[in-house]
There are 2 protein chains.
Amino acid sequence: MEKADAIEALAALAQETRLDIFRTLVEYRPSGLPAGQIAQLLELPGATLSFHLNQLKQAGLIQSIRQGRSLIYSANTDAVDALADFLREDCCSKSAAGAGEAAVGGR
Amino acid sequence: MEKADAIEALAALAQETRLDIFRTLVEYRPSGLPAGQIAQLLELPGATLSFHLNQLKQAGLIQSIRQGRSLIYSANTDAVDALADFLREDCCSKSAAGAGEAAVGGR
DNA sequence: ATTTTATTTCGATAAACATCGAACGGTTCA
DNA sequence: TGAACCGTTCGATGTTTATCGAAATAAAAT
């Protein structure tokens, strides 16, 4: 996973409303939910919801398909797993490359 | 891990400068680096660096100890692991609680 | 005590983000 | 074709975030 993509995904989830939306979609996996039902569950105005759905989609965390006049949104849990992997392996954890150097110097 | 803490950590890492700072500190684990050296490595003005170090510290991702007139910052990789766990287990992944419900209805 | 070094806090500014009513664009059904 | 429905885009507004020079604080050296 690229750094830029990771940042986008992190930013997408680092916002309460969006995290709530995403978690709701995870709950209703794998079939997904129409936008209206998400709005109802979370008591969000349509415009606000749409804004956040766009961010999540942009980040690759959700996708949508049309079903009649509804748009069914569903969570892409693989993207979250990839993000978790990025945190653990490529980025920021003990196992990240290059760990173990010293620069402070005890003397 | 609490949702609020997770959001704080996600937000802290969802910013390029801060992610760079954090990764640098992971590189120099476990001894850490004085602020001045981070500033030098990443070519950041002191005030800007200090601002970001504060956010990271607030989020529990780094800590600092004073050594003479320097402040040595070091990464708390456990916090990242906790965040990755949160993403995988409590929040947003296949294994998250409650997965598998259907709401769309195929007819 | 004064100066030097390391870093933070303050304060101002610009940019990005979140919210949401109102207008708009597709889709279905009569 | 036109009314009803579902959802998005537009546009205006307030809020939060990032940046960074200058002033302040804290520790060490002279």
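Between A:Arg18 atom CZ and C:dA18 atom C1' there is a gap of 8 Å when expressed in whole angstrom units. B:Glu16 has its CD atom 18 Å from the P atom of C:dA15, to the nearest Å. Straight-line distance from the CZ atom of B:Phe51 to the P atom of C:dA15: 16 Å, rounded to whole Å.
For B:Gln55, taking side-chain heavy atoms from C-beta onward, the closest of the listed nucleotides D:dA18, D:dC20, C:dT19 is D:dA18. Taking every side-chain heavy atom of B:His52 into account, D:dA18 is the closest of D:dA18, D:dG21, C:dT8. For A:Leu53, counting side-chain heavy atoms from C-beta on, the closest listed nucleotide (D:dT8, D:dC20, C:dG21) is D:dT8. Of the candidate nucleotides D:dC6, D:dT8, C:dT8, D:dC6 has the atom nearest to the side chain of A:Arg69.
Salt-bridge check for A:Arg88 with B:Asp85: passed, with a basic side-chain N closer than 4.0 Å to an acidic carboxylate O.
Among the protein residues, B:Gly36 comes within range of the sugar-phosphate backbone only, with heavy atoms under 4.0 Å from sugar or phosphate atoms but none that close to a base. Backbone-only engagement by A:Ala35 is indicated by non-hydrogen atom pairs under 4.0 Å involving sugar-phosphate atoms exclusively. Residue contacts for A:Ser70: at a heavy-atom cut-off of 4.0 Å it reaches the sugar-phosphate backbone alone, with no base atom in range.
The shortest distance between the side-chain N/O atoms of A:Tyr73 and the OP1/OP2 oxygens of D:dT8 is below 4.0 Å.
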